[in-house]
Amino acid sequence: TRFDRLPDKSATPNGLENFTLRTKWQKQGITYFIASFTSDLSQETQRQIIARALDVWRAQIPLEFTEVFSTGEADMVFGFGEGDHCALYQAASVTCPTADDAGFDGEGGVLAHCYFPPGSGGDAAGYCHFDDSESWTDDDTSTIEVRLLETAIHEFGHGLGLAHSDDPSATMFPSYDPVLPKTQLGGDDITGI
Ligand code: ZN
């Protein structure tokens with residue numbers, strides 16, 4: 001199981017570090033909108049988990065995150081969807097990508113995806129989508145259902161500009177290990193962000 005389809009870290013040497021930075025936000029106040037929820041958890045629980053995942057990164061960087069309640073006000077738009085989940089793009093007037101490009105694959109496999117910040121994220125920069133075919137849980141140590149907090153931390157790392165790391169202890173490592181929960185950033189994540 002992988003968090004998303006972004007490629008593994010390239011073999012290009014990157015000094016002594018494992019992380020790769022793509023682009024970063026050019027402002028400190030970032031707004032986000034949760035456009036759709038999963039029915040697996042209460043909306044309040046999902047709000048709390050998303051805020052916690054952002055806070056894990058915020059603790060390391062001079063950004064502030066504020067929830068807003070429309071796409072038009074939002075820098076980052078989050079949501080759950082299945083299959084091509086075109087509605088999540090159309091709601092933001094972004095052309096829906098082809099199914100091969102960004103469609104979700106049902107239970108297991110790919111869990112989510114998130115576009116990089118403006119400059120490398122394209123029309124959907126800062127958008128993070130979660131595959132609603134998964135069984136999402138708020139149990140951060142579950143080895144059966146998919147841990148939403150850990151997945152959100154990984155995806156928001158992309159939304160803040162980090163690509164994949166080849167350090168297995170990093171949250172930006174591309175694989176999701178069902179039996180090895182991660183609940184905090186690794187040293188490589190912190191150096192990267
Ligand atoms: Zn990823």
Side-chain angles (χ1 to χ4, degrees), residues 1-12 14 17-25 30 32 38 49-50 52-58 60-61 63 65 75-82 84-85 88-89 97-134 136-137 140 145-193:
T1 299
R2 290 175 67 89
F3 287 108
D4 48 65
R5 288 193 178 120
L6 284 171
D8 289 354
K9 184 184 180 300
S10 76
T12 308
N14 184 27
E17 309 295 347
N18 291 295
F19 68 85
T20 308
L21 178 66
R22 295 290 294 269
T23 48
K24 61 182 180 180
W25 291 93
I30 306 295
Y32 67 93
T38 178
I49 291 172
I50 284 169
R52 283 175 61 201
L54 290 169
D55 204 51
V56 164
W57 292 108
R58 189 208 56 78
Q60 309 297 334
I61 51 179
L63 296 185
F65 298 98
D75 297 308
M76 304 182 78
V77 179
F78 310 145
F80 291 81
E82 294 185 320
D84 65 12
H85 63 288
L88 279 174
Y89 293 94
T98 65
D100 287 346
D101 184 28
F104 285 137
D105 56 356
E107 190 172 4
V110 170
L111 304 176
H113 57 209
C114 188
Y115 295 85
F116 294 119
S120 59
D123 291 341
Y127 285 24
C128 305
H129 299 154
F130 299 84
D131 187 348
D132 207 6
S133 297
E134 312 301 340
W136 295 101
T137 182
D140 301 334
E145 296 175 297
V146 180
R147 303 178 294 267
L148 180 56
L149 178 68
E150 180 175 335
T151 306
I153 291 170
H154 177 97
E155 295 306 330
F156 295 166
H158 292 315
L160 295 173
L162 290 176
H164 283 149
S165 170
D166 58 8
D167 177 347
S169 69
T171 61
M172 296 317 294
F173 193 67
S175 300
Y176 174 91
D177 189 337
V179 298
L180 197 66
K182 290 175 189 165
T183 54
Q184 51 193 354
L185 301 182
D188 185 63
D189 301 309
I190 293 171
T191 308
I193 203 65

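Both counts, for ligands and for their atoms, begin at 1 and track the order of listing.
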> For the Zn ion (ligand 1), does an N/O/S atom of His164 lie at less than 2.8 Å?
Replying inline: yes
> Is it the case that Asp188 and Ser165 place a side-chain donor and acceptor less than 3.5 Å from each other?
Replying inline: yes
>> Nearest 10°: the angle subtended at the Zn ion (ligand 1) by Asp4 OD2 and His158 NE2?
In response: 100°
>> When you measure from the side chain of Thr23 to the backbone of Pro117, do you find a donor-acceptor pair of N or O atoms at a distance under 3.5 Å?
In response: yes
>> Any N/O/S atom from His113 (main chain or side chain) under 2.8 Å of the Zn ion (ligand 1)?
In response: no
>> Any side-chain to backbone donor/acceptor pair from Glu82 onto Asp131? Under 3.5 Å, distance only.
In response: no
> Taking atom types as modelled and ignoring hydrogens, do the side chains of His85 and Asp132 form a donor-acceptor contact shorter than 3.5 angstrom?
Replying inline: no
